[in-house]
Protein chains: 2
Amino acid sequence: MQTALPAPAIRGYAEPVRRAPEVKVLGATRVLAKDEELFGEGDRAAFFYKVVSGAIRTSKLLSDGRRQISAFHLPGDIFGIEAGDEHRFSAEAVDEATVIAYRRCSLESFASQDGAFACQVVNAMMRSLERAQDHMMLLGRKSALEKIATFLLDLAERLGDDHVDLPMSRTDIADHLGITIETVSRTLTQLERQNIIELPAHRRSIQLTNKAALRRLDS
Amino acid sequence: MQTALPAPAIRGYAEPVRRAPEVKVLGATRVLAKDEELFGEGDRAAFFYKVVSGAIRTSKLLSDGRRQISAFHLPGDIFGIEAGDEHRFSAEAVDEATVIAYRRCSLESFASQDGAFACQVVNAMMRSLERAQDHMMLLGRKSALEKIATFLLDLAERLGDDHVDLPMSRTDIADHLGITIETVSRTLTQLERQNIIELPAHRRSIQLTNKAALRRLDS
DNA sequence: CGGGCCGTTGACTCTTGTCAATCGCGGTGG
DNA sequence: CCACCGCGATTGACAAGAGTCAACGGCCCG
(Lines give C-alpha, C1' and ligand atoms only; values in the text may rest on other atoms or scores of the structure.)
Protein backbone atom coordinates (compact mmCIF):
# COMPACT_ATOMS: atom_id res chain seq x y z
CA MET A 1 0.00 0.00 0.00
CA GLN A 2 2.48 2.65 1.05
CA THR A 3 5.00 0.99 -1.18
CA ALA A 4 5.55 3.93 -3.46
CA LEU A 5 6.38 6.32 -0.66
CA PRO A 6 10.04 7.21 -0.87
CA ALA A 7 10.68 5.82 2.60
CA PRO A 8 10.07 8.97 4.67
CA ALA A 9 13.58 10.29 4.53
CA ILE A 10 12.89 12.45 7.54
CA ARG A 11 13.03 9.43 9.70
CA GLY A 12 16.31 8.41 8.21
CA TYR A 13 16.08 4.74 8.97
CA ALA A 14 18.05 2.42 6.80
CA GLU A 15 16.25 -0.38 5.08
CA PRO A 16 16.67 -3.72 6.75
CA VAL A 17 20.18 -4.68 5.84
CA ARG A 18 20.18 -7.73 3.63
CA ARG A 19 23.53 -7.75 2.01
CA ALA A 20 25.97 -6.45 4.64
CA PRO A 21 27.48 -9.83 5.49
CA GLU A 22 28.90 -8.57 8.79
CA VAL A 23 25.42 -8.01 10.17
CA LYS A 24 23.48 -11.16 10.90
CA VAL A 25 19.87 -11.40 9.87
CA LEU A 26 18.26 -9.66 12.80
CA GLY A 27 14.62 -9.59 11.96
CA ALA A 28 11.79 -11.61 10.53
CA THR A 29 8.99 -9.86 8.72
CA ARG A 30 5.43 -10.46 9.69
CA VAL A 31 2.20 -9.49 7.97
CA LEU A 32 -0.83 -8.62 10.07
CA ALA A 33 -4.49 -8.43 9.11
CA LYS A 34 -6.67 -5.53 10.19
CA ASP A 35 -7.13 -5.55 13.99
CA GLU A 36 -4.82 -8.52 14.40
CA GLU A 37 -2.92 -8.43 17.67
CA LEU A 38 0.86 -8.34 17.51
CA PHE A 39 1.26 -8.61 21.27
CA GLY A 40 -0.90 -8.00 24.32
CA GLU A 41 -0.45 -6.24 27.62
CA GLY A 42 1.47 -8.63 29.82
CA ASP A 43 2.91 -10.78 27.03
CA ARG A 44 6.55 -11.69 27.28
CA ALA A 45 8.54 -9.02 25.47
CA ALA A 46 10.69 -11.33 23.39
CA PHE A 47 10.66 -9.03 20.37
CA PHE A 48 10.46 -5.44 19.43
CA TYR A 49 9.32 -4.22 16.04
CA LYS A 50 9.74 -1.86 13.15
CA VAL A 51 6.84 -0.92 10.93
CA VAL A 52 7.39 -1.56 7.24
CA SER A 53 3.96 -0.70 5.90
CA GLY A 54 0.54 0.13 7.28
CA ALA A 55 -0.01 1.36 10.80
CA ILE A 56 0.14 -0.18 14.27
CA ARG A 57 -1.58 1.16 17.36
CA THR A 58 -0.24 0.60 20.87
CA SER A 59 -2.75 0.89 23.66
CA LYS A 60 -3.58 0.20 27.27
CA LEU A 61 -6.90 -0.69 28.84
CA LEU A 62 -8.45 0.23 32.16
CA SER A 63 -10.30 -2.52 34.01
CA ASP A 64 -13.65 -1.17 32.85
CA GLY A 65 -12.65 -1.09 29.20
CA ARG A 66 -11.65 2.53 28.75
CA ARG A 67 -8.80 2.58 26.29
CA GLN A 68 -5.92 4.92 25.66
CA ILE A 69 -4.00 4.60 22.43
CA SER A 70 -0.54 5.87 23.25
CA ALA A 71 0.60 6.08 19.65
CA PHE A 72 0.07 5.16 16.04
CA HIS A 73 3.24 3.77 14.53
CA LEU A 74 3.84 4.43 10.85
CA PRO A 75 6.40 2.98 8.45
CA GLY A 76 9.91 3.41 9.82
CA ASP A 77 8.82 3.67 13.45
CA ILE A 78 10.26 1.32 16.04
CA PHE A 79 8.15 0.29 19.01
CA GLY A 80 7.69 -2.39 21.64
CA ILE A 81 11.00 -2.04 23.46
CA GLU A 82 10.57 -2.65 27.16
CA ALA A 83 12.64 -2.21 30.28
CA GLY A 84 11.08 -5.19 31.99
CA ASP A 85 10.39 -8.54 30.40
CA GLU A 86 6.72 -7.94 29.74
CA HIS A 87 4.95 -5.71 27.26
CA ARG A 88 3.17 -2.97 29.14
CA PHE A 89 0.68 -2.25 26.41
CA SER A 90 -0.80 -4.14 23.51
CA ALA A 91 -0.18 -3.62 19.82
CA GLU A 92 -2.60 -4.26 16.99
CA ALA A 93 -2.68 -3.55 13.29
CA VAL A 94 -4.89 -0.58 12.51
CA ASP A 95 -5.26 -1.87 9.01
CA GLU A 96 -3.28 -4.47 7.12
CA ALA A 97 0.33 -3.95 8.13
CA THR A 98 3.81 -5.40 7.84
CA VAL A 99 6.43 -5.30 10.57
CA ILE A 100 9.91 -6.63 11.15
CA ALA A 101 10.37 -8.42 14.46
CA TYR A 102 13.74 -8.20 16.19
CA ARG A 103 14.72 -10.56 18.94
CA ARG A 104 15.05 -8.52 22.03
CA CYS A 105 18.20 -10.28 23.15
CA SER A 106 19.78 -9.22 19.89
CA LEU A 107 19.57 -5.73 21.23
CA GLU A 108 21.77 -6.42 24.20
CA SER A 109 24.19 -8.65 22.35
CA PHE A 110 24.46 -6.45 19.33
CA ALA A 111 24.64 -3.24 21.29
CA SER A 112 28.37 -3.50 21.50
CA GLN A 113 28.98 -5.16 18.13
CA ASP A 114 26.65 -3.13 16.01
CA GLY A 115 26.82 0.38 17.40
CA ALA A 116 24.80 1.84 14.56
CA PHE A 117 21.85 -0.40 15.16
CA ALA A 118 21.90 0.12 18.90
CA CYS A 119 22.05 3.82 18.28
CA GLN A 120 19.07 3.61 15.99
CA VAL A 121 17.11 1.83 18.67
CA VAL A 122 18.07 4.30 21.36
CA ASN A 123 17.08 7.12 19.04
CA ALA A 124 13.76 5.46 18.42
CA MET A 125 13.17 5.33 22.13
CA MET A 126 14.01 8.96 22.53
CA ARG A 127 11.68 9.86 19.72
CA SER A 128 8.93 7.84 21.40
CA LEU A 129 9.57 9.71 24.60
CA GLU A 130 9.38 13.06 22.85
CA ARG A 131 6.14 12.09 21.19
CA ALA A 132 4.78 10.90 24.50
CA GLN A 133 5.65 14.20 26.12
CA ASP A 134 4.00 16.22 23.39
CA HIS A 135 0.99 13.99 23.62
CA MET A 136 0.70 14.54 27.36
CA MET A 137 0.41 18.24 26.66
CA LEU A 138 -2.32 17.51 24.17
CA LEU A 139 -4.23 15.20 26.49
CA GLY A 140 -3.91 17.32 29.57
CA ARG A 141 -4.26 20.82 28.30
CA LYS A 142 -5.84 21.08 24.88
CA SER A 143 -9.50 21.43 23.90
CA ALA A 144 -11.20 18.96 21.59
CA LEU A 145 -10.78 21.36 18.69
CA GLU A 146 -7.08 21.81 19.37
CA LYS A 147 -6.63 18.09 19.76
CA ILE A 148 -8.14 17.37 16.37
CA ALA A 149 -6.16 20.16 14.72
CA THR A 150 -2.90 18.89 16.20
CA PHE A 151 -3.72 15.35 15.23
CA LEU A 152 -4.50 16.19 11.62
CA LEU A 153 -1.41 18.34 11.16
CA ASP A 154 0.80 15.70 12.73
CA LEU A 155 -0.62 12.96 10.56
CA ALA A 156 -0.30 15.06 7.42
CA GLU A 157 3.32 15.76 8.22
CA ARG A 158 4.19 12.17 9.00
CA LEU A 159 2.46 10.88 5.90
CA GLY A 160 3.87 13.73 3.85
CA ASP A 161 0.59 14.65 2.21
CA ASP A 162 -2.15 17.20 2.82
CA HIS A 163 -4.64 14.65 1.65
CA VAL A 164 -4.63 12.46 4.74
CA ASP A 165 -5.78 8.91 4.19
CA LEU A 166 -6.82 7.92 7.67
CA PRO A 167 -5.91 4.34 8.37
CA MET A 168 -7.85 4.38 11.64
CA SER A 169 -11.50 4.56 12.70
CA ARG A 170 -13.14 7.38 14.63
CA THR A 171 -13.01 5.20 17.70
CA ASP A 172 -9.25 4.90 17.37
CA ILE A 173 -8.88 8.64 16.96
CA ALA A 174 -11.08 9.25 19.99
CA ASP A 175 -9.11 6.81 22.14
CA HIS A 176 -5.88 8.43 21.05
CA LEU A 177 -7.01 11.99 21.77
CA GLY A 178 -8.84 11.25 25.00
CA ILE A 179 -12.29 12.25 23.76
CA THR A 180 -15.38 10.38 22.50
CA ILE A 181 -16.22 9.40 18.95
CA GLU A 182 -19.15 11.81 19.02
CA THR A 183 -16.84 14.69 19.82
CA VAL A 184 -14.44 13.61 17.08
CA SER A 185 -17.30 13.53 14.62
CA ARG A 186 -18.76 16.86 15.69
CA THR A 187 -15.38 18.55 15.63
CA LEU A 188 -14.59 17.29 12.15
CA THR A 189 -17.99 18.45 10.93
CA GLN A 190 -17.36 21.85 12.48
CA LEU A 191 -13.99 22.12 10.71
CA GLU A 192 -15.67 21.14 7.47
CA ARG A 193 -18.32 23.83 7.89
CA GLN A 194 -15.55 26.37 8.36
CA ASN A 195 -13.95 25.15 5.12
CA ILE A 196 -10.79 24.17 6.93
CA ILE A 197 -11.01 20.54 5.90
CA GLU A 198 -12.99 18.48 3.41
CA LEU A 199 -14.59 15.17 4.26
CA PRO A 200 -15.16 13.04 1.16
CA ALA A 201 -18.06 10.64 1.05
CA HIS A 202 -16.13 7.62 2.25
CA ARG A 203 -15.08 9.08 5.56
CA ARG A 204 -11.64 7.53 5.71
CA SER A 205 -9.79 10.40 4.13
CA ILE A 206 -9.54 14.08 4.88
CA GLN A 207 -8.31 16.92 2.73
CA LEU A 208 -6.61 19.71 4.67
CA THR A 209 -7.86 22.69 2.68
CA ASN A 210 -6.65 25.38 5.03
CA LYS A 211 -3.58 24.32 6.93
CA ALA A 212 -2.86 27.83 8.14
CA ALA A 213 -6.21 27.94 9.92
CA LEU A 214 -5.53 24.53 11.41
CA ARG A 215 -2.19 25.73 12.73
CA ARG A 216 -3.87 28.69 14.32
CA LEU A 217 -6.20 26.32 16.15
CA ASP A 218 -3.34 24.09 17.15
CA SER A 219 -2.01 26.54 19.76
CA MET B 1 8.92 35.33 40.77
CA GLN B 2 11.75 33.71 42.75
CA THR B 3 10.56 33.78 46.30
CA ALA B 4 12.83 36.02 48.28
CA LEU B 5 14.68 33.34 50.12
CA PRO B 6 17.60 34.79 52.00
CA ALA B 7 19.64 31.94 50.64
CA PRO B 8 21.75 32.76 47.59
CA ALA B 9 19.35 32.86 44.69
CA ILE B 10 21.83 31.47 42.28
CA ARG B 11 24.31 28.85 43.20
CA GLY B 12 26.87 27.76 40.72
CA TYR B 13 28.22 24.35 40.03
CA ALA B 14 29.92 22.66 42.90
CA GLU B 15 33.01 20.53 42.65
CA PRO B 16 32.70 17.23 40.83
CA VAL B 17 31.56 14.33 42.94
CA ARG B 18 34.38 13.04 45.07
CA ARG B 19 32.91 10.02 46.72
CA ALA B 20 31.95 6.92 44.76
CA PRO B 21 35.41 6.11 43.54
CA GLU B 22 34.11 3.23 41.47
CA VAL B 23 32.25 5.64 39.22
CA LYS B 24 34.40 7.92 37.15
CA VAL B 25 34.03 11.60 37.75
CA LEU B 26 31.24 12.24 35.32
CA GLY B 27 29.19 14.90 36.92
CA ALA B 28 29.07 18.06 38.95
CA THR B 29 26.51 18.55 41.68
CA ARG B 30 24.32 21.58 41.69
CA VAL B 31 21.98 22.94 44.34
CA LEU B 32 18.80 24.69 43.29
CA ALA B 33 16.54 27.02 45.25
CA LYS B 34 12.76 26.64 45.17
CA ASP B 35 11.44 27.44 41.68
CA GLU B 36 14.91 27.96 40.28
CA GLU B 37 15.19 26.93 36.64
CA LEU B 38 17.67 24.23 35.75
CA PHE B 39 17.09 24.57 32.04
CA GLY B 40 14.39 26.01 29.81
CA GLU B 41 12.53 24.84 26.72
CA GLY B 42 14.86 25.44 23.81
CA ASP B 43 18.08 25.61 25.81
CA ARG B 44 21.03 23.72 24.45
CA ALA B 45 20.97 20.25 25.94
CA ALA B 46 24.57 20.12 27.06
CA PHE B 47 23.79 18.18 30.22
CA PHE B 48 21.39 15.67 31.58
CA TYR B 49 20.74 15.21 35.27
CA LYS B 50 20.17 12.91 38.17
CA VAL B 51 18.21 14.01 41.22
CA VAL B 52 20.06 13.65 44.52
CA SER B 53 17.57 15.30 46.85
CA GLY B 54 14.37 17.27 46.59
CA ALA B 55 12.16 17.20 43.50
CA ILE B 56 12.36 18.58 39.99
CA ARG B 57 9.45 19.20 37.67
CA THR B 58 9.74 19.08 33.90
CA SER B 59 7.12 20.98 31.98
CA LYS B 60 6.07 22.44 28.66
CA LEU B 61 4.07 25.57 27.99
CA LEU B 62 1.50 26.40 25.35
CA SER B 63 1.71 29.84 23.78
CA ASP B 64 -1.11 31.12 25.97
CA GLY B 65 0.51 29.94 29.18
CA ARG B 66 -1.26 26.67 29.75
CA ARG B 67 1.25 24.33 31.31
CA GLN B 68 1.66 20.58 31.40
CA ILE B 69 4.04 19.09 33.92
CA SER B 70 5.19 15.86 32.33
CA ALA B 71 6.79 14.49 35.47
CA PHE B 72 8.09 15.09 38.94
CA HIS B 73 11.57 13.66 39.34
CA LEU B 74 12.52 12.35 42.75
CA PRO B 75 15.91 11.29 44.17
CA GLY B 76 17.53 8.69 41.93
CA ASP B 77 15.60 9.69 38.82
CA ILE B 78 17.48 10.64 35.67
CA PHE B 79 15.98 13.20 33.30
CA GLY B 80 16.83 15.72 30.62
CA ILE B 81 18.24 13.36 28.01
CA GLU B 82 17.37 14.53 24.52
CA ALA B 83 17.58 13.14 21.03
CA GLY B 84 18.17 16.55 19.49
CA ASP B 85 20.50 19.20 20.80
CA GLU B 86 17.83 21.25 22.50
CA HIS B 87 15.79 20.63 25.62
CA ARG B 88 12.19 20.15 24.65
CA PHE B 89 10.80 21.10 28.03
CA SER B 90 11.97 23.12 30.97
CA ALA B 91 13.04 21.88 34.39
CA GLU B 92 12.68 23.70 37.68
CA ALA B 93 13.16 22.82 41.31
CA VAL B 94 9.84 22.18 43.01
CA ASP B 95 11.47 22.93 46.31
CA GLU B 96 15.11 23.16 47.27
CA ALA B 97 16.83 20.37 45.35
CA THR B 98 20.21 18.91 44.50
CA VAL B 99 21.10 17.34 41.18
CA ILE B 100 24.16 15.92 39.49
CA ALA B 101 24.79 17.24 36.00
CA TYR B 102 26.36 14.93 33.43
CA ARG B 103 27.89 16.23 30.26
CA ARG B 104 25.86 14.92 27.45
CA CYS B 105 28.87 14.05 25.33
CA SER B 106 30.02 11.85 28.16
CA LEU B 107 27.08 9.70 27.33
CA GLU B 108 28.23 8.95 23.83
CA SER B 109 31.88 8.59 24.72
CA PHE B 110 31.28 6.55 27.82
CA ALA B 111 28.66 4.40 26.24
CA SER B 112 31.28 2.01 24.98
CA GLN B 113 33.74 2.33 27.86
CA ASP B 114 31.34 2.32 30.76
CA GLY B 115 28.64 -0.10 29.78
CA ALA B 116 27.06 -0.06 33.19
CA PHE B 117 26.49 3.66 33.17
CA ALA B 118 25.18 3.66 29.62
CA CYS B 119 22.83 0.89 30.61
CA GLN B 120 21.64 2.87 33.58
CA VAL B 121 20.88 5.80 31.33
CA VAL B 122 19.03 3.70 28.80
CA ASN B 123 17.04 2.15 31.61
CA ALA B 124 16.20 5.59 32.94
CA MET B 125 14.89 6.51 29.54
CA MET B 126 12.79 3.41 29.35
CA ARG B 127 11.41 4.10 32.78
CA SER B 128 10.54 7.64 31.69
CA LEU B 129 8.76 6.24 28.69
CA GLU B 130 6.79 3.81 30.80
CA ARG B 131 5.77 6.56 33.18
CA ALA B 132 4.80 8.75 30.25
CA GLN B 133 2.62 6.00 28.84
CA ASP B 134 0.88 5.41 32.14
CA HIS B 135 0.40 9.12 32.49
CA MET B 136 -1.21 9.37 29.08
CA MET B 137 -3.80 6.88 30.25
CA LEU B 138 -4.40 9.03 33.30
CA LEU B 139 -4.67 12.26 31.35
CA GLY B 140 -6.80 10.90 28.56
CA ARG B 141 -9.14 8.56 30.29
CA LYS B 142 -9.41 9.08 34.02
CA SER B 143 -11.79 11.28 35.99
CA ALA B 144 -10.53 13.93 38.37
CA LEU B 145 -11.14 11.63 41.33
CA GLU B 146 -9.23 8.79 39.70
CA LYS B 147 -6.41 11.13 38.77
CA ILE B 148 -5.95 12.30 42.33
CA ALA B 149 -6.16 8.75 43.68
CA THR B 150 -3.55 7.53 41.23
CA PHE B 151 -1.33 10.47 41.97
CA LEU B 152 -1.43 10.00 45.73
CA LEU B 153 -0.79 6.27 45.55
CA ASP B 154 2.08 6.75 43.15
CA LEU B 155 3.67 9.41 45.28
CA ALA B 156 3.28 7.36 48.45
CA GLU B 157 4.94 4.43 46.76
CA ARG B 158 7.83 6.42 45.37
CA LEU B 159 8.44 8.18 48.66
CA GLY B 160 7.94 4.95 50.56
CA ASP B 161 5.58 6.39 53.13
CA ASP B 162 1.82 6.58 53.61
CA HIS B 163 2.30 9.98 55.11
CA VAL B 164 3.00 11.89 51.91
CA ASP B 165 4.87 15.13 52.35
CA LEU B 166 3.93 16.97 49.19
CA PRO B 167 6.85 18.94 47.83
CA MET B 168 4.64 20.66 45.26
CA SER B 169 1.84 23.20 45.25
CA ARG B 170 -1.76 22.62 44.21
CA THR B 171 -0.98 24.43 40.99
CA ASP B 172 1.79 21.95 40.23
CA ILE B 173 -0.49 19.02 40.95
CA ALA B 174 -3.20 20.49 38.75
CA ASP B 175 -0.80 21.06 35.87
CA HIS B 176 0.49 17.53 36.20
CA LEU B 177 -2.94 15.92 36.24
CA GLY B 178 -4.52 18.09 33.57
CA ILE B 179 -7.15 19.68 35.83
CA THR B 180 -7.50 23.00 37.68
CA ILE B 181 -6.40 23.86 41.20
CA GLU B 182 -10.01 24.23 42.23
CA THR B 183 -10.76 20.69 41.14
CA VAL B 184 -7.67 19.42 42.96
CA SER B 185 -8.81 21.18 46.10
CA ARG B 186 -12.40 20.01 45.89
CA THR B 187 -11.36 16.44 45.19
CA LEU B 188 -8.99 16.35 48.14
CA THR B 189 -11.72 17.75 50.38
CA GLN B 190 -14.10 15.12 49.11
CA LEU B 191 -11.60 12.36 49.90
CA GLU B 192 -11.12 13.81 53.36
CA ARG B 193 -14.88 13.84 54.00
CA GLN B 194 -14.95 10.17 53.05
CA ASN B 195 -12.15 9.49 55.56
CA ILE B 196 -9.88 8.20 52.85
CA ILE B 197 -7.19 10.79 53.49
CA GLU B 198 -6.37 13.33 56.19
CA LEU B 199 -5.34 16.88 55.44
CA PRO B 200 -3.37 18.41 58.32
CA ALA B 201 -3.60 22.15 58.94
CA HIS B 202 -0.53 23.04 56.92
CA ARG B 203 -1.77 21.68 53.64
CA ARG B 204 1.54 20.38 52.35
CA SER B 205 1.20 16.86 53.69
CA ILE B 206 -1.41 14.18 53.33
CA GLN B 207 -2.01 11.06 55.35
CA LEU B 208 -3.38 8.14 53.37
CA THR B 209 -5.75 6.69 55.93
CA ASN B 210 -7.49 4.24 53.67
CA LYS B 211 -5.24 3.07 50.88
CA ALA B 212 -7.57 0.24 49.92
CA ALA B 213 -10.33 2.72 49.16
CA LEU B 214 -7.90 4.81 47.15
CA ARG B 215 -6.92 1.77 45.11
CA ARG B 216 -10.55 1.08 44.41
CA LEU B 217 -10.92 4.60 43.05
CA ASP B 218 -7.75 4.28 41.04
CA SER B 219 -9.33 1.95 38.47
C1' DC C 1 -1.28 45.03 62.22
C1' DG C 2 -1.30 44.52 57.28
C1' DG C 3 -0.20 42.40 52.89
C1' DG C 4 0.65 38.64 50.00
C1' DC C 5 0.34 33.97 48.88
C1' DC C 6 -1.86 29.73 48.76
C1' DG C 7 -5.66 27.01 49.32
C1' DT C 8 -10.70 26.42 49.88
C1' DT C 9 -15.44 27.13 48.80
C1' DG C 10 -19.58 28.72 46.34
C1' DA C 11 -22.32 30.02 42.30
C1' DC C 12 -22.64 29.66 37.78
C1' DT C 13 -21.11 28.38 32.90
C1' DC C 14 -19.75 25.55 29.36
C1' DT C 15 -17.39 21.97 27.15
C1' DT C 16 -17.68 17.37 26.62
C1' DG C 17 -19.97 12.99 27.67
C1' DT C 18 -24.16 10.07 27.40
C1' DC C 19 -27.94 8.09 25.27
C1' DA C 20 -30.53 7.35 21.41
C1' DA C 21 -32.08 7.82 16.70
C1' DT C 22 -30.72 7.99 11.98
C1' DC C 23 -27.88 7.90 7.92
C1' DG C 24 -25.18 5.76 4.37
C1' DC C 25 -22.25 2.63 2.54
C1' DG C 26 -20.87 -2.11 1.50
C1' DG C 27 -21.67 -6.84 1.62
C1' DT C 28 -24.81 -10.77 1.22
C1' DG C 29 -28.29 -13.71 -0.05
C1' DG C 30 -32.73 -14.39 -2.14
C1' DC D 1 -30.67 -6.93 -9.40
C1' DC D 2 -32.50 -5.54 -5.29
C1' DA D 3 -33.90 -5.76 -0.48
C1' DC D 4 -31.95 -6.38 3.80
C1' DC D 5 -28.58 -6.18 7.28
C1' DG D 6 -24.75 -4.52 9.93
C1' DC D 7 -21.37 -1.44 11.04
C1' DG D 8 -19.27 2.92 11.39
C1' DA D 9 -20.26 7.69 11.37
C1' DT D 10 -23.25 11.57 12.20
C1' DT D 11 -26.58 14.27 14.61
C1' DG D 12 -29.63 15.82 18.30
C1' DA D 13 -31.30 16.35 23.03
C1' DC D 14 -29.99 16.32 27.40
C1' DA D 15 -26.87 15.52 31.58
C1' DA D 16 -22.90 16.09 34.12
C1' DG D 17 -18.19 16.79 35.22
C1' DA D 18 -14.96 20.11 35.28
C1' DG D 19 -13.79 25.04 34.39
C1' DT D 20 -14.37 29.98 35.47
C1' DC D 21 -14.94 33.76 38.33
C1' DA D 22 -15.10 35.60 42.65
C1' DA D 23 -15.00 35.81 47.59
C1' DC D 24 -12.98 34.29 51.63
C1' DG D 25 -9.89 32.11 55.09
C1' DG D 26 -5.56 31.01 57.16
C1' DC D 27 -0.75 31.47 57.54
C1' DC D 28 3.69 33.47 57.20
C1' DC D 29 6.43 37.38 57.44
C1' DG D 30 7.65 41.95 57.51
Side-chain angles (χ1 to χ4, degrees), chain A residues 34-35 57 62 64-68 94-95 138-149 151-152 164-193 197-206 217 219, chain B residues 1-7 34-35 62 64-68 94-95 138-149 151-152 164-193 197-206 217 219:
Chain A
K34 180 173 154 69
D35 291 323
R57 61 172 177 258
L62 248 30
D64 63 357
R66 279 175 286 174
R67 184 177 67 153
Q68 177 65 45
V94 170
D95 207 339
L138 177 146
L139 291 170
R141 286 298 177 218
K142 292 189 180 177
S143 69
L145 191 56
E146 292 167 338
K147 286 176 178 182
I148 293 284
F151 176 71
L152 291 179
V164 181
D165 237 319
L166 294 176
M168 72 288 286
S169 68
R170 298 290 190 264
T171 304
D172 281 347
I173 298 175
D175 286 350
H176 183 49
L177 302 182
I179 51 183
T180 60
I181 53 170
E182 290 94 335
T183 301
V184 171
S185 194
R186 278 190 260 264
T187 307
L188 288 174
T189 307
Q190 180 189 341
L191 288 173
E192 188 181 32
R193 286 213 194 91
I197 62 173
E198 271 172 57
L199 297 168
H202 66 87
R203 274 31 240 283
R204 281 308 181 83
S205 79
I206 298 182
L217 292 176
S219 277
Chain B
M1 42 138 51
Q2 313 289 18
T3 353
L5 281 178
K34 181 172 152 69
D35 290 325
L62 249 30
D64 63 357
R66 278 174 287 174
R67 183 176 67 153
Q68 177 65 44
V94 170
D95 207 338
L138 177 147
L139 291 170
R141 286 298 179 218
K142 291 190 181 178
S143 69
L145 190 56
E146 291 166 339
K147 285 177 178 181
I148 293 284
F151 176 71
L152 292 178
V164 181
D165 237 319
L166 294 177
M168 71 289 285
S169 69
R170 297 290 190 263
T171 304
D172 281 349
I173 299 175
D175 286 349
H176 183 48
L177 302 183
I179 52 184
T180 60
I181 53 169
E182 291 94 335
T183 302
V184 171
S185 195
R186 278 190 258 264
T187 307
L188 288 174
T189 307
Q190 180 189 342
L191 288 173
E192 188 182 31
R193 286 213 192 93
I197 62 173
E198 271 170 56
L199 297 169
H202 66 88
R203 279 19 248 279
R204 280 309 181 82
S205 78
I206 298 181
L217 292 176
S219 280

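In what follows, chains carry the letters A, B, and so on, assigned in the order in which the sequence lines appear, proteins first and then strands, with residues in each chain numbered from 1.
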Could you state the [atom1]-[atom2] distance from [X] to [N], rounded to the nearest angstrom?
X: B:L199; N: C:dG7; atom1: CG; atom2: P; value: 12 Å
X: A:I181; N: C:dC23; atom1: CD1; atom2: P; value: 18 Å
X: B:R203; N: C:dC5; atom1: CZ; atom2: C1'; value: 15 Å
X: A:E182; N: D:dA16; atom1: CD; atom2: P; value: 16 Å
X: A:I206; N: D:dG8; atom1: CD1; atom2: C1'; value: 14 Å
X: A:M168; N: D:dG8; atom1: CE; atom2: C1'; value: 15 Å
X: B:D172; N: C:dC5; atom1: CG; atom2: C1'; value: 14 Å
X: B:L177; N: D:dG19; atom1: CG; atom2: C1'; value: 15 Å

Side-chain N or O of [X] less than 4.0 angstrom from OP1 or OP2 on [N]?
X: B:T189; N: C:dT9; value: yes
X: B:S169; N: C:dC6; value: no
X: B:T183; N: D:dG19; value: yes
X: A:R204; N: D:dA9; value: yes

Notebook entry, point to check: Roughly how far, to the nearest 0.5 Å, is the CG atom of A:L166 from the CG atom of A:L199?
Noted result: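 It is 9.0 Å, given to the nearest 0.5 Å.
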- prompt: Is a side-chain N or O of B:S185 found less than 3.5 angstrom from the main chain of B:I181, in a donor-acceptor match?
  reply: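 No, because the side chain of B:S185 does not come within donor-acceptor range (under 3.5 Å) of the backbone of B:I181.
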Test your reading of the model: is there a side-chain donor-acceptor pair from B:E198 to the backbone of B:E192, 3.5 Å cut-off?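 Side chain of B:E198 to backbone of B:E192, a donor-acceptor pair under 3.5 Å: no, none is there.
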Closest to the 5' end of DNA chain D, once B:S143 and A:V184 are matched to their nearest nucleotides, is A:V184
- Any salt bridge between A:R57 and A:D95, counting N to O under 4.0 Å?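 Salt bridge between A:R57 and A:D95, a charged N being under 4.0 Å from a carboxylate O: no.
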With sugar-phosphate taken as primed atoms, P, OP1 and OP2 and all else as base, the protein-contact string of nucleotides 23-30 of chain D at under 4.0 Å (heavy atoms; B, S, -) is --------
Comparing B:T171 with B:R186, nearest DNA chain C nucleotide closer to 5' gives the residue B:T171
Pairing donors with acceptors under 3.5 angstrom, does anything connect the side chains of A:R141 and A:S219? no
Side chain to side chain contact (heavy atoms under 4.5 Å, CB included) filter on A:S143, not counting sequence neighbours, yields A:L145, A:E146
Review point. Any side-chain heavy atom of B:Q190 within less than 4.5 Å of one from B:I148?
Key: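 No, side chains not in contact.
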Which part of the nucleic acid does A:L188 contact within heavy-atom distance under 4.0 Å: base, sugar-phosphate only, or nothing? nothing
